[in-house]
2 protein chains.
Amino acid sequence: MDRRQRKTREAIFSAFIDLLSKKDFGQITVGEIITHADVGRATFYSHFETKDYLLKELCEELFCHIFDATNNEQSEHRHLFDCDAPNSVFLHLFQHLQKNDNNILELLSCQNNELFLLYFKINLQRLVVSQLPLFEARKSEILPDSFWVNHIASTFIETVRWWIDNGMKESSETITEYFCLAV
Amino acid sequence: MDRRQRKTREAIFSAFIDLLSKKDFGQITVGEIITHADVGRATFYSHFETKDYLLKELCEELFCHIFDATNNEQSEHRHLFDCDAPNSVFLHLFQHLQKNDNNILELLSCQNNELFLLYFKINLQRLVVSQLPLFEARKSEILPDSFWVNHIASTFIETVRWWIDNGMKESSETITEYFCLAV
DNA sequence: TCTGTACTGAACTCTTTGTTCATTATTATG
DNA sequence: CATAATAATGAACAAAGAGTTCAGTACAGA
């Protein structure tokens, strides 16, 4: 990829994330993005079809990052999905979020970001599905798989959102405990 | 309230709900609404400040309806929040939703309706809070109240969304069972 | 150095939003 | 029933944003 392309792309992403931390996705205009990124209007549209695609691609970059990390860690251990285990993959995810790489927290807490949450959920569900047998057997027997997977992923997301809304005062260990108890 | 006002208001609501069942909130324009409702542009704006306020007021009407009903039923019984009780208030809510009064299901399942889900959650949380002591003691002791309330309300919403997405094949009793087991 | 390609910026069309206002129709009320 | 108040109309308007076009410029990579 041309260095120019990489630079423009990064400038746009950076400006976009910056704006997302200040206002809702729906209120951000292409005009604002290109002003902040200091690129021409035509340049923006040569990189991204619409504002939605920009969000989509940003999501993909971020999730690729965060979920690849957990996948790599996962291969080193067993039973990472056992909530009670101190090395639970969920603990790793919470820890990763706490570091707030790439301002992912802003994206999770702001309004009008359904698309982002959807991507988050899809990635989470993939993770959950791959390890479903390790979850509590009693519930797994009665609840349909898709319900169960959706519930676990949703609870994770809601836990993170609660954590953020309450100022992230709890340690990642405590949050993992809450999550495991709730689910 | 003037009969003319009531009529236009209803025409706009009706057209809006109709459009919501066909496309996302964000993609609906004021122009479409007034065409469907067959009212003048100026009339729309004399009733609703913006499209968002229209959604807000629609939400309030719908929730006032659905939650008032459960509140009235509630006063006739005790321990309605006991998930295992056959007359659980949640069962009543699921039954009410199954009837799909006012096309509330479309609103719950469509994209870009965060505002609607927010209202739903706020109303649910109020309901949950008022009966919190009736929930499982073990979890209530460890989890902070706000986390616990948020979790129950979120799980309810996610259960409904899963139900809708899967064609609502399950009976309201079965869904109540799933919900109670999950939470 | 040279070729291809990315960026520029300005102008342009189109869509949508939200406002204004004089005119018309309908209502509630005395 | 008559009337004063008020709601609806529709057409025109300004402003803002989306997305496109294109000739000209700058830069990367070979």
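Proteins get letters first, then strands, A, B, ... in listed order; numbering begins at 1 in each. Owing to the predicted nature of the structure, the values given are computational and were not obtained by experimental measurement.
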First and last nucleotide of DNA chain C in contact with chain A, 5' to 3', at under 4.0 Å to a heavy atom: what are they?
-> C/dG4 to C/dG9
Distance-only criterion, 3.5 Å: show the donor-acceptor pairs between side-chain atoms of residues 47-58 of chain A and protein atoms not counting sequence neighbours.
unit_1	atom_1	unit_2	atom_2	d
A/T50	OG1	A/D52	N	3.2
A/T50	OG1	A/Y53	N	3.3
A/K51	NZ	A/F25	O	3.4
A/K51	NZ	A/I28	O	2.7
A/K56	NZ	A/E60	OE2	3.4
A/K56	NZ	A/Y119	OH	3.2
A/E57	OE1	A/R9	NH1	3.1
A/E57	OE1	A/R9	NH2	2.8

Check the angle between the aromatic planes of B/Y178 and A/F147 and answer parallel, tilted or perpendicular using the 30° and 60° thresholds.
-> tilted
Contact string for nucleotides 17-24 of chain D, one letter per nucleotide 5' to 3', B = base within protein heavy-atom range under 4.0 Å, S = sugar-phosphate only, - = neither, reads SBBBBB--
Does the B/S154 side chain pair with the main chain of B/H151, one donor and one acceptor, at a distance under 3.5 Å?
-> no
Under 4.0 Å between a side-chain N/O of B/H47 and OP1 or OP2 of D/dA7, yes or no?
-> no
Could you pull out every donor-acceptor pair under 3.5 Å between side chains of residues 34-46 of chain B and any protein atom, sequence neighbours left out?
unit_1	atom_1	unit_2	atom_2	d
B/T35	OG1	B/G31	O	2.7
B/H36	ND1	B/E32	O	3.4
B/S46	OG	B/T43	O	2.8

Between the main-chain N or O of A/T155 and the side-chain N or O of A/T159, is there a donor-acceptor pair closer than 3.5 Å?
-> yes
Correct closest heavy-atom pair for B/V183 and B/K139 would be O-NZ, 3.6 Å
Is it true that B/F94 and B/W163 have ring centroids separated by less than 6.0 Å?
-> yes
Without swapping roles, check the side chain of B/K23 against the backbone of B/L20 for a donor-acceptor pair under 3.5 Å.
-> no
Output the residues of residues 1-14 of chain A in contact with DNA chain D, where contact means a heavy atom of the residue under 4.0 Å from an atom of the strand; sort by number or write none.
-> A/D2, A/R3, A/R4
Parallel, tilted or perpendicular: rings of B/F116 and B/F120 (30°, 60°) = tilted
Under a 4.0 Å N-O cut-off, is there an ion pair linking B/D2 with B/R6?
-> no
Pairing of A/R161 and A/D165 as salt bridge, 4.0 angstrom limit = no
Describe, as an angle rounded to 10 degrees, how the axis at the first end of the helix from C/dT1-D/dA30 to C/dG30-D/dC1 is tilted relative to the axis at the last end, five pairs per end.
-> 40°
Can you tell me if A/T8 uses its side chain to pair, donor with acceptor, with the backbone of A/R4 under 3.5 Å?
-> yes
